[in-house]
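Please read the structure below before turning to the comments.
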Amino acid sequence: MPEGHHLHRLALDCNRVFTGHTVAVSSPQGRFAESAALLDGREWFEARAHGKQLFCGFADDVADDGALWIQIHLGLIGGLSFTPLAPPVGQVRLRMATEEVAADLRGPQVCRLVTGAEMAAVREKLGPDPLDPLADPDIAWRRIQRSSKPIAALLMDQSVLAGVGNVYRAEVLFRQRINPQREGRLLKKSSWAGIWDDLVALMPLGVADDRIDTVRPEHTPEAMGRPPRVDDHGGEVYVYRRHDQSCLVCGSTVHKADLAGRNLYWCGKCQRRG
DNA sequence: AAAAGATGGTGAC
DNA sequence: TCACCCTCTTTTG
């Protein structure tokens, strides 16, 4: 679940549930208890997402920006789920609740109280986010241009580009027909423009549906007479976790390889651009 | 029943 | 490059 689209979706959900409310903040598991007590009963301020980082703000008269923030990073296995108010089940690091709804945070990589200045410092280290309408793709392009790392590695580097994870990486490179091993410094400007524009188009759909669908109409299960994808690792995709199966476009076998400790999926025949 | 693996990232070598 | 974090699902025995 947790690529950038999911965090932006959670920010929207938090704002929908908590705006105009005071929030009961607690840490049933105990590891965030001290900070939770500090925030408990405060007025909700605002949630914001930048890439895979989620910030939940609570009103604070003393803070420069009028708020104190919880920085949340789900990591690989964390989750934030909304349920009708009921006793917490399992290990809940953070609970934010109204009288009707509870948002429970489990297994996060990061859950800490930060000031507005600390939040800004975290955000300064992140590259542009395709889900931010004000983001500047040239900032990422300058980093890519002077790197000898493969474009597939650069897309996963959150200081280059914020929000893209393993699924969007594999899928946008396939859709743009780009060789994942192409060095950043050798990538054509038009290829980068294609990647960025495609992410700007794709990721809002991911926010709306809370899943990653990247397959064009002509390659959908209905259009091709194939069974729909049934697992819950994203939606309909071209290459992600489709290794040893046939490419939906050319029929050749989809490859899988380890790149910097993460699984990379691609079609060697379709993806030859640089 | 146990192990492996996952949409992520850090810190120690 | 690897162990580790910590949760849940899927695969293996």
Side-chain angles (χ1 to χ4, degrees), chain A residues 1-11 27-33 49-55 71-83 88-95 103-112 114 118 121-127 129-131 149-150 152-175 180 198-199 202-215 229-245 254 256-266:
Chain A
M1 296 287 270
E3 296 195 26
H5 71 297
H6 184 56
L7 282 298
H8 281 262
R9 172 56 178 261
L10 289 175
S27 178
Q29 173 214 53
R31 287 182 56 184
F32 191 65
H50 184 160
K52 298 168 189 171
Q53 301 281 353
L54 174 65
F55 299 96
Q71 178 195 356
I72 293 171
H73 193 293
L74 297 179
L76 184 59
I77 61 178
L80 181 64
S81 57
F82 295 82
T83 54
V89 176
Q91 297 279 96
V92 176
R93 180 82 59 91
L94 163 69
R95 164 170 281 198
D104 287 343
L105 176 68
R106 291 181 175 81
Q109 176 171 102
V110 175
C111 174
R112 67 180 189 122
V114 295
E118 288 167 333
V122 170
R123 297 188 61 178
E124 274 173 23
K125 293 176 185 165
L126 298 174
D129 181 344
L131 285 167
K149 289 181 182 169
L154 293 166
L155 291 182
M156 292 279 281
D157 183 339
Q158 300 298 296
S159 69
V160 173
L161 191 63
V164 170
N166 211 2
V167 183
Y168 278 120
R169 161 176 80 170
E171 294 300 305
V172 76
L173 287 173
F174 178 88
R175 284 168 56 100
D198 209 14
L199 290 170
L202 278 177
M203 294 184 73
L205 303 176
V207 177
D209 299 337
D210 206 13
R211 51 181 264 174
I212 301 176
D213 291 281
T214 62
V215 172
R229 188 185 176 92
V230 290
D231 72 45
D232 60 357
H233 295 272
E236 290 294 335
V237 293
Y238 282 106
V239 290
Y240 177 71
R241 280 174 49 128
R242 289 199 66 251
H243 55 292
D244 301 335
Q245 300 176 43
V254 173
K256 172 186 176 183
D258 186 286
L259 180 67
R262 304 299 302 279
N263 291 324
L264 174 67
Y265 306 88
W266 80 101

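The basis for the numbers below is simple: all heavy atoms, side chains too, and nothing from hydrogens, waters or symmetry mates. Chain identifiers are assigned alphabetically (A, B, ...) following the order of the sequence lines, protein sequences preceding nucleic acid strands; residue numbering begins at 1 within each chain. Keep in mind that what you see is a predicted model, and the values were worked out from it rather than measured.
Of the listed residues (A:W266, A:Y265, A:Y240, A:Y238), just one forms a ring pair (Phe, Tyr, Trp, His ring centres under 6.0 Å) with A:F174, and that residue is A:Y238.
Between A:L76 atom CG and B:dG8 atom C1' there is a gap of 5 Å when expressed in whole angstrom units. Look at CZ on A:R169: it is 9 Å from P on B:dT7, rounded to the nearest Å. For the pair A:H6 NE2 and B:dG8 C1', the interatomic distance rounds to 13 Å; values are reported in whole Å. Rounded to whole angstrom, the span from the CD atom of A:Q53 across to the P atom of B:dG9 amounts to 8 Å. Between the CD atom of A:Q71 and the P atom of B:dT10 there is a distance of 10 Å, given to the nearest Å. Separating the CG atom of A:D157 from the P atom of B:dT10 is a distance of 10 Å, rounded to the nearest angstrom. If you take CE of A:M156 and C1' of B:dG9, they are 10 Å apart, rounded to a whole angstrom. If you take CG of A:D209 and C1' of B:dT7, they are 16 Å apart, rounded to a whole angstrom.
With P as the reference atom, C:dG13 and B:dG5 are 11 Å apart, rounded to whole Å. When the P atom is compared between C:dC8 and B:dT10, the two are found 23 Å apart, to the nearest whole Å. Spacing of C1' atoms, C:dC5 relative to B:dA1, comes out at 24 Å, to the nearest Å.
Distances shorter than 4.0 Å separate some side-chain N or O of A:K52 from OP1 or OP2 on B:dG9. Distances shorter than 4.0 Å separate some side-chain N or O of A:R262 from OP1 or OP2 on B:dT7. Residue A:Y168 places no side-chain N or O under 4.0 Å from the OP1 or OP2 atom of B:dT7. Regarding contacts with the backbone of B:dA6, every side-chain N or O of A:N166 stays at 4.0 angstrom or more from both OP1 and OP2. The phosphate of B:dG9 has OP1 or OP2 within less than 4.0 Å of a side-chain N or O from A:H73.
Ranking B:dA6, C:dT7, B:dT7 by closeness to the A:R241 side chain, first place goes to B:dA6. Checking B:dA6, B:dG8, C:dT7 against every side-chain atom of A:Y240, the shortest atom distance belongs to B:dA6. Ranking B:dA6, B:dG9, C:dT7 by closeness to the A:Q158 side chain, first place goes to B:dG9. Here the side chain of A:R106 is nearest to one of C:dT7, B:dT7, C:dC5, namely C:dT7.
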Walk me through whether A:N263 and A:H243 qualify under side-chain hydrogen bond (donor to acceptor under 3.5 Å, both in side chains). CA-CA 10 Å; A:N263 291 324; A:H243 55 292; over 6 Å; no

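Here the closest non-hydrogen pair linking A:V160 and A:L154 is CB-O, 3.7 Å.
By the 4.5 Å heavy-atom criterion applied to side chains, A:K256 and A:L264 are not counted as neighbours.
Applying the side chain to side chain donor-acceptor pair (under 3.5 Å) test to A:D198 and every residue at least two apart in sequence or in another chain returns A:R175, A:Q176.
For the residue pair A:D210 and A:H6, a side-chain donor N or O sits within less than 3.5 Å of a side-chain acceptor on the partner.
A:R31 comes within 4.0 angstrom of sugar-phosphate atoms only, judged by non-hydrogen atoms across all strands, and of no base.
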